[in-house]
Amino acid sequence: MAHETISNLLHEERRFAPPAALAAEANVKAEAYARAASDREAFWAEAADRLTWTKRWDRVLDDDNAPFFKWFVGGELNAAYNCVDRHVEAGNGDRVAIHWVGEPLEDRRDITYAQLKDEVSRAANAIEELGVERGDRVAIYMPMIPEAVVAMLACARLGAVHTVVFGGFSSDALATRIDDCQAKLVITSDGGYRRGSASALKPAVDEALIKLDNANRGLVENVLVVRRTGQDVAWNGDVDIWWHDVVDHASEIHVPQPMDAEQPLYVMYTSGTTGKPKGILHTTGGYLAQAAYTHWAQFDLKADDVYWCTADIGWVTGHSYIVYGPLANGATQVLYEGTPDSPERGRWWKIIEDHKVTKFYTAPTAIRSFMKQGSAVPDSYDLSSLRILGSVGEPINPEAYVWYRDTIGGGRTPIIDTWWQTETGATLMTPLPGVTSGKPGSAMLAVPGVDVDVVDEDGTPVGNGEGGYLVVTSPWPSMLRTLWRDDDRYVDTYWSKYAAQGYYFAGDGAKKDEDGDIWVLGRVDDVMNVSGHRLSTTEIESALVSHPRVAEAAVVGASDPDTGQAVVAYVILRESPESVEGIEKELANHVRTVIGPIAKPRDLMIVPELPKTRSGKIMRRLLRDVAEGRQVGDTTTLMDADIVSKIAAGQATST
Ligand code: WT7
């Protein structure tokens, strides 16, 4: 981020104190910070006690084999039981768990906790019948329909490890993930509705199965297909099974088995600094305890709330703050299938008005795009039910924060800017709505029981007014346990930079302001954040190089007013550019095919050479200067200093 932006941010003087009534009744008050600090383990044990355990733990935190930490050792619980059955047993079976809203207007379904229990039990019986056992992996590739939530919970009920792959990912990306975690079952649907029409999903699964490594052929025994759109699908009778054929006829009696607190719950793939996505492993007890606690604390969850998180279940936000956190808390929530502006621009606001949503959680990129459309659209809906608004995924710029608060929240609602990662499993930093006076653009401070700091290269905490690297200085319950089948990469990526201090390295830059409050500035590694989606520069470079005409490629994340960052690619061709007119668009679409639409470069430029150091390392920093239209920085270490000015003089093609 440019220095100018950093200092603008730090001159932000606005403060928004919690509304008095909310503060007086808040679930979590200021005393929680001191209590957690005085005995962190007792604090998290109390949070874990909000769940139902079939066997109590012997030890809260086992740090004997750091950084392979364990939480609630010896304890046993079932995540699906905690998210569903116990609410029914407590007499809340008639409470709506999910107000599902399909994209086609009037396509709605309300699901009570009692109905969810029956559906999850039937699905668990059906999946078990297909031979899935505790510890087996199940890939889920689905649109935002209730069956996606049911499928996740059915796996959790059996102790099968789910790996949800975002429905916008390509068949290649799906195949890589199935290969890496060796899934034996894939759950999908014929398609889903996006922007007014049925878009297919099943064909990508069919293609992925063909693209699996040779060693993994035949690994996927079945594909379980939900009928959502009714569109035609190719059918392989040896493998494919309709969901309704097996789930609808299964018994709704299924006894949840107790799982060890450290039983793997899911693997979520995310981009790292290399071309290979990392399989983040989360386990059961600590994860569920912190997801549930933070959801209850940060949204100040009350019995009459209607909560809505707009994330896709294909990302970690959907896991922690649609499925596990809210359902463990017995919340009533909206689940929406479609896009924000279909069939009309006011669709989201209409959903808030219709369902009287009280707590709303979305991403800065969405807020900025609504902001661009102006206030007239949201102003024409009744949004007075809203009480707290959340933001996640990337830094929220102060303008978007204030617009969100004023236009969507009517100036009444605290904004919680929640900082966390796929790896952290749950929120680690956020203002608390009943305690913290929020500053627009700042995630402020750690949640009670979590210790974060901003440190310099040597691991020394920076002073107020200074910047450095964001670290987590003590283990937390919902932390990743390792990378799937890659302990070395786990240690190397997160724990080697500050091995001496034992700090977790988050990969984000941050700054402490004069009051010591923390402002997250963005990634300090080769990871980009495009519309809140995490992408690796190397992964996109590999996709480009896989095109037969490409000799070499360099990708950078350039700042973009709408998407936060945008993908900008520089490509060297194998042949002369004159002979391949229109190649830029073709290459951009190639990335789209290999990874998915979110990774498609915004701009692509054919260049004769790339700026490299004498040791052959691509200087992405200089390419970012070019992409952002800045004066190019220090080029003295370059092998050929002219190359950058040649590139800067050229014209990128917007794709
Ligand atoms: C990266 C993690 C958190 C779930 C969704 C994204 C950035 C996330 C914030 C925030 C500033 C943020 C960081 C982080 N990020 N939330 N409130 N303020 N930056 O999860 O895909 O694992 O990405 O998103 O750069 O490292 P993810």
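The analysis underlying the following values was restricted to heavy atoms, covering all of them including side chains, and did not include hydrogens, waters or symmetry mates. In each ligand, atom 1 is the first atom listed, and ligand 1 is the first ligand listed.
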Residue, atom name and distance, where the atom is the protein heavy atom closest to [atom]:
| atom | result |
| --- | --- |
| atom 7 (C) of ligand 1 | G393 O, 3.3 Å |
| atom 11 (C) of ligand 1 | P395 N, 3.1 Å |
| atom 3 (C) of ligand 1 | W420 O, 3.0 Å |

Tell me, please, whether [Y] has [X] positioned over its six-membered ring: NZ or CZ under 6.0 Å from the ring centre and within 45 degrees of its axis?
| X | Y | result |
| --- | --- | --- |
| K278 | Y269 | no |
| K359 | F299 | no |
| R481 | Y287 | no |

Hey, would you say the [X] and [Y] ring centroids sit under 6.0 Å apart?
| X | Y | result |
| --- | --- | --- |
| W403 | F370 | no |
| W315 | F169 | yes |
| Y504 | W495 | yes |
| F43 | Y293 | yes |

Next item on the list: Answer side chain, backbone, both or neither: which part of N529 comes under 4.0 Å from ligand 1, heavy atoms only.
Entry: side chain

List every atom of ligand 1 that sits less than 4.0 Å from any heavy atom of [X], numbering the atoms from 1 in the order shown and giving each element.
| X | result |
| --- | --- |
| V392 | 3 (C), 4 (C) |
| D508 | 13 (C), 14 (C), 25 (O), 26 (O) |
| V316 | 4 (C) |
| V520 | 11 (C), 19 (N) |

Margin query: One thing to verify: whether D341 and R347 come together as a salt bridge, which I'm taking to mean a side-chain N less than 4.0 angstrom from a carboxylate O.
Written below: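 Judged by the 4.0 Å cut-off on N to carboxylate O distance, R347 and D341 do not form a salt bridge.
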
Check: Would one find more than 12 heavy atoms of other residues, nucleotides or ligands at under 6.0 Å from atom NZ of K70?
Finding: no

Notebook entry, point to check: Between the candidates I416, L521, T422, T427, which shows the shortest non-hydrogen contact distance to atom 20 (O) of ligand 1?
Noted result: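 Looking at heavy atoms only, T422 sits closest to atom 20 (O) of ligand 1.
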
Next item on the list: Out of R534, M429, E394, H533, indicate the one that has the non-hydrogen atom closest to atom 18 (N) of ligand 1.
Entry: E394

Is there a polar contact, in the sense of an N or O pair closer than 3.5 Å, between [X] and ligand 1?
| X | value |
| --- | --- |
| Q421 | yes |
| T317 | no |
| S391 | no |

Check: Closer than 4.0 angstrom: is that true for some heavy atom of G522 and an atom of ligand 1?
Finding: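 No, G522 has no heavy atoms under 4.0 Å from ligand 1.
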
